[in-house]
Amino acid sequence: MKFESKEIDTDLVEITLVGRLDIQGTQAIDMPFTSVTATRRAGVLVDMSGVNFIASIGIRTLLTNAKALAKHGGKMVLLNPAPMVFDVLTTSGVDHMIPINDDYDSAVADLRAALHS
Amino acid sequence: MDLSSTLRLSSNLEELERVGTWIADISARAGLSDSLSFRLDLCLVEAVTNVIEYGFDNSESHEITVHFEAENSRVRLMVEDDGKPFNPLDVPEHEQPGSLEEAQIGGLGIYLFRTYADECHYRRQAGKNRVTMILEKEAPSGPKATDTSSHPGCISLDPRRIKLLEHLPDDQVESVLSHCSTRSLSDGEILLFPGKPNCHLYILLSGRLRVSLDSPNSPQSFPVGKGECVGEMSIIDGSPVSAYVVAEGPTEVIQVHEGDFWQAVAKAPGIARNLLHILAKRMRGQHEVARQALVRELRLEHLEKELGHARRIQSGMLPSLDPLLPEHPQLDIAASMEPAREVGGDYYDVFALDDHRVAVAIGDVSGKGMPAALFMVEALTLLRVELTTRSSVPLHHVVHRINLELGRDNEICMFTTLFLMVVDVVTGEVAFVNGGHNHPMFAASGSAFDFLAMPNGMLVGVFEEAPFETRHLQLSPGDQLLLYTDGITEAEDPQRALFSDERLKQTLNAMGEQSAKGMLSYLREEVKKFAGKADQSDDITMVAIRYLGNTGERNESDDAGA
């Protein structure tokens, strides 16, 4: 699983995940993911387009980090998951808790708005 | 093409990596679609993870066997392990949480494989768990999960996820759906009102519906999952809707008129079976919730009854004759115990040993409820038995014996304070022993009240070797004594200030001439005035004694002093 992050603005971070969000994949990205999301008030855009598989452990990681982020007053948005991954996310109800967006600009706008409210 | 393959894994999480490669390999050989391959992968990963994480108690390596079989229209996956008996199908359905705060992270794995497999079976045989998952191969023209066209008949949700249409052959599904229309709802739009007649069944396709009983915007609402239905009760029994169903965010539903629904059922009886299944599950769920609520309520009722019984035992044991010692007019003695609502454990006892001598005791049992009540019964019984059978033995020996008996078999380590005195009403001689109780107040005739110096003595019922001492006091006519528990001195006012020893002393010294009963009512008044609106937190127990001496004739006014 590959993890990349870049600051696109103050308090606005874009994370790109590539690979399988299964146990191995999650373990590989846990540390960097948590350090970017769980420690500060930020808008975090997670580019899911390169994720080709997600299991419950991957969902747990997303949820845990989103919760921690929310506690700090931040917000997470998932961008462009592939169809089967999107299906799993909606089946488990994740879309009710972490917004999913397929448009980059509107996702960023959503995060900006959340930070400034 | 029929194909089968077996994979053996050892029971540690690193092995899961092999699952992905194995599934990719099989999918290629069996020509499975990408989405079927994904589903297989997910089901297997979740099923195996579940076994590894929960199936074994020890850290030894166990073997998990996975078997795959491809048939014409479906594939079959079997996961076998020799761990603890565990049926994942028994686990209650994972509830979709309403918000990030509520989101719980457990139980999702089992939910996912149960959802993505079209059929799931469990068997325990020859010491092994076997979970079988069957996944239907999709028809080549099956709708994709994210198809978003909006004209009727073309649904933006995989029909496999519509519970009502589960396990139906594709042609029946298509036939049913062709009679449906979709309807879009905007955020906050109310789909169903309680009391309103309804003749449509609705199935949630996308977006969100919330059901609430009391108002459309009630915080106590629960969500409807995608593929689930609302309105089905009305089309079954014709009665009006019983709850608000409101859309949250832009929402799409399939709308089926009841006439069309029943016609569809005639063509595809599987629908009726699915509906019954849905209703039965719902009933069981509700039943379970109601049952648990009832159990909680009964437990609470039982506890309160028990506390009530305990209370009655406690107060029922205390002597309440008026006057307490009719045969011993030399002693003007009165007692009262005002129980607090919850805490308890105070007791007193006053009884005659013979013509001359009377025993007076006061104490406070630790704990509350039944155990404390029973301990108190034991203590009071021992008191009477020991004192009456060993009436010529020094008082501290009596307390020593009571201490031993109470301490015996005392597993929960209850204990009590005890102040015990024996008064010879003819001579005025008093012997007293202290078992960890607070010092009584004593006023010699014509003098002020002050604390009575106490001999050493420990709490009773704890320590076998606890030493006790007898001390003596000589009473003259007019002398007064007040025995009490810390319910008085620790009574609180609304600012949480304590009544305190000092205030008790001052209050007694401001009292003036009073009979024993009068002393009690005066003190009760003073404590009430002090406490004001604050709740009584502990039992308030007092025994007031006025020694009248041998010539003591009690006046009529004494009795009326209450």
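Not measured: the values here are computed from a predicted model. Order of the sequence lines sets the chain letters (A, B, ...), proteins ahead of strands, with each chain counted from 1.
More than 12 heavy atoms of other residues, nucleotides or ligands sit less than 6.0 Å from atom CD of A:Glu7. Around NZ of B:Lys84, the count of heavy atoms belonging to other residues, nucleotides or ligands within 6.0 Å exceeds 12. Atom CG of B:Asp25 is surrounded by more than 12 heavy atoms from other residues, nucleotides or ligands within 6.0 Å.
Here the CZ atom belonging to A:Arg60 is positioned 7.5 Å from the CG atom belonging to B:Leu108, to the nearest 0.5 angstrom. Here the CD-CD distance, from A:Gln24 to B:Glu15, works out to 9.5 Å after rounding to the nearest 0.5 Å. The CG atom of B:Leu112 sits 5.0 Å away from the CD1 atom of A:Ile59 when rounded to the nearest 0.5 Å. How far CZ of B:Phe113 is from OG of A:Ser56: 10.0 Å, rounded to the nearest 0.5 Å. Note: A:Asp22 CG to B:Glu17 CD = 7.5 Å, rounded to the nearest 0.5 Å. A:Ile57 CD1 to B:Leu13 CG: the interatomic distance, rounded to the nearest 0.5 Å, is 8.5 Å.
Nearest heavy-atom pair across A:His96 and B:Gly207 is NE2-O, 4.1 Å.
A donor-acceptor pair shorter than 3.5 Å can be found between the side chains of B:Tyr116 and A:Thr91.
Taking 4.5 Å as the heavy-atom cut-off, the residues of residues 40-49 of chain B that approach chain A are B:Asp41, B:Leu42, B:Val45, B:Glu46, B:Thr49, ordered by number.
Looking at heavy atoms from C-beta onward, B:Phe38 lies out of side-chain contact with A:Asn52 at the 4.5 angstrom threshold.
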